[in-house]
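Structure record follows, encoded as structure tokens.
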Amino acid sequence: MREITVPPTAGLPLQWADLLPWGAGDFAEQLAAWLGVHSVQLECSGTSALMVALRSLKQLRPERSEVIVPAYTCPLVALAIAQCGLQMRLCDLRVDALDMDADCLHLLCSDKTLAVLPTHLCGRVADVDAAVQCARAVGAYVIEDAAQALGASCEGQSVGLKGDVGFFSLAVGKGLSTYEGGVLITRDAVLRDVLHATGAKTKFNLWWELRRSVELLGYAALYHPAGLRMAYGKPLEQALSRGNWVQAASDDFDDFIPQHSLGAWRQAVGSKALRRLSVFQQQIADQTRTRLAQLRACGLEVVDDIAADSQGVWPVILLRLPSQQARDAVLQAHWGDGSGLSLPFVHVLPDYGCYDHVLGAARNEDVPQARDWAKRLLAISNSPWLDDARFARVLANIQAATQR
Ligand SMILES: *Cc1c(COP(=O)(O)O)cnc(C)c1O
């Protein structure tokens with residue numbers, strides 16, 4: 001019998017009852033209560049939410065044009081910044097964490113800086129205080145990219161609140177999903193109004209809403225072990241057989257970022273699934289604890305939260321392998337076998353090539369540490385469908401490749 005295909009991240013599976021349009025209540029209100037915030041603003045994707053944030057801040061500081069992001073992040077961030085007519089600057093990473101390096105950030109910050117984007121990559125809680133300190137010194141804003149960190153907290157409150165604005169993604173594979181969706185939060189009442197006014201310009205679009213609704217139905221139908229082989233496993237195998245890792249990691253994005261509202265039915269689906277999210281995340285956190293211990297006992301380096309009072313979420317477990325050679329050997333042998341291995345992102349932004357046209361001068365920024373991270377990171381899915389026996393085999397495979 002063929003083994004099941006494990007999805008690359010721990011997404012919350014939908015249930016058929018989620019798809020019924022009644023009995024849901026107000027999604028935005030429920031999400032705000034779940035996050036413990038005053039209110040949330042819903043957008044059609046995390047990228048669109050970021051664009052609303054950038055346009056709002058640009059309106060408040062029209063003379064500023066640069067946005068500083070970690071060099072290892074989602075290419076959609078680069079596309080969003082370019083589509084807003086802003087210039088991206090790339091910050092190198094720390095040696096010991098996926099955070100922006102403070103010295104590098106300090107050098108990049110200037111009176112041209114509109115915003116700095118500390119990023120809670122793969123659910124790991126970033127050091128936002130350090131970014132806020134650098135940004136404040138030059139009068140810039142801080143936008144927390146919490147696309148992969150819905151449910152993560154720091155000092156007892158949701159991530160996204162230490163900076164001026166925070167955003168989450170509701171895309172497939174990022175936990176709670178409306179197929180595509182985005183969420184903006186801020187603790188600042190003035191900014192809340194500005195974000196709201198900017199967001200109000202994104203209108204309902206029937207074509208996009210129909211398309212996303214069909215995609216959400218398809219996701220509900222196929223997000224189970226058997227369906228995933230067709231929807232995820234097959235295309236992955238094909239991309240790998242062509243040697244196309246960028247496609248295999250789903251890092252190939254279109255330039256055009258659609259902006260429209262998030263339709264009522266998809267909100268209702270999100271609202272019902274949200275009721276199961278805390279229990280699901282707790283189950284994942286428990287699974288993570290055991291597995292981190294196992295990985296560490298084998299001498300592997302796990303990427304963990306570094307601030308003592310922070311609690312991340314665990315869509316994946318991230319490993320930093322001793323060398324690119326070892327990492328690539330594991331992927332070459334096991335990426336396509338459906339056991340849930342993947343890459344957060346394949347490259348640092350300048351190394352894709354296909355995003356050069358939006359990077360501008362940032363193409364030439366020196367980011368050696370981020371590049372080293374990009375070459376040695378490996379993600380293991382935290383989906384509950386990767387059971388203990390199979391996880392043990394994944395672990396043995398990784399060990400074999402690292403000791404070779
Ligand atoms: C996915 C992602 C985004 C964009 O979110 P979408 O909802 O997919 O548009 C932004 N930043 C990071 C770090 C991401 O992983």
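Every number for a ligand or one of its atoms is a count from 1 in the order of the listing.
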*asked:* I'd like to know if the side chain of Gln311 reaches the main chain of Ser153, judged simply by a donor and an acceptor atom lying under 3.5 Å from each other, with no hydrogens or angles considered.
replied: no
*asked:* Do Gln282 and Asp286 pair up side chain to side chain, a donor and an acceptor below 3.5 Å, judged on atom types alone?
replied: yes
*Within less than 4.0 angstrom of ligand 1, does Ala80 place any heavy atom?*
no
*Name the closest protein heavy atom to atom 11 (N) of ligand 1, giving the residue it belongs to and the distance to 0.1 Å.*
Asp145 OD2, 2.7 Å
*Hey, can you tell me if Phe345 and Tyr72 have their rings parallel, tilted or perpendicular (30° and 60° cut-offs)?*
perpendicular
*Ligand-residue contact atoms, ligand 1 with Ala147, heavy atoms, under 4.0 Å*: 2 (C), 3 (C), 10 (C), 11 (N), 12 (C), 14 (C)
_List ligand 1 atoms under 4.0 Å from Thr47, heavy atoms only on the residue side._
4 (C), 5 (O), 6 (P), 9 (O)
*Kindly indicate whether the side chain of Leu42, heavy atoms from C-beta on, has any atom under 4.5 Å from the side chain of Arg266.*
no
*Could you list the atoms of ligand 1 found under 4.0 angstrom from a heavy atom of Val77?*
10 (C), 11 (N)
_Ligand-side contact atoms (ligand 1) for residue partner Gly181, heavy atom cut-off under 4.0 Å_ = 7 (O)
_Subset of ligand 1 atoms that lie under 4.0 Å from at least one heavy atom of Ala171_ = 7 (O), 8 (O)
_Within the 4.0 Å heavy-atom shell around Lys174, which atoms of ligand 1 are there?_
1 (C), 2 (C), 3 (C), 5 (O), 14 (C), 15 (O)
*How far apart are the C-alpha atoms of Leu90 and Val348, what are their side-chain angles, what is the distance that settles it, and do they pass the side-chain contact (heavy atoms from CB on, under 4.5 Å) test?*
CA-CA 9 Å; Leu90 297 178; Val348 290; over 6 Å; no
_I'd like to check Cys298 versus Leu395 (side-chain heavy atoms, cut-off strictly below 4.5 Å). Are they in contact?_
yes
*Mind telling me whether Trp385 and Tyr223 have parallel, tilted or perpendicular rings, with 30° and 60° as the class edges?*
tilted
*Using a strict 4.0 Å cut-off to heavy atoms of Leu76, name the atoms of ligand 1 that fall inside it.*
4 (C), 8 (O), 9 (O)
*N/O separation below 3.5 Å, Ser48 to ligand 1*: no
*Give yes or no for whether the N/O distance cutoff of 3.5 Å, strictly under, is met between Gly46 and ligand 1.*
yes
*Number the atoms of ligand 1 from 1 as they appear, then name those within less than 4.0 Å of a heavy atom of Gln148, with their elements.*
14 (C), 15 (O)
*asked:* I need the single residue from Asp193, Asp164, Thr186, Thr198 that forms a side-chain hydrogen bond (donor to acceptor under 3.5 Å, both in side chains) with Ser56. Which is it?
replied: Thr198
*When you measure from the centre of the six-membered ring of Trp314, is the NZ or CZ of Arg124 under 6.0 Å away and within 45° of the axis?*
yes
*Any N or O of Thr119 that comes nearer than 3.5 Å to an N or O of ligand 1?*
no
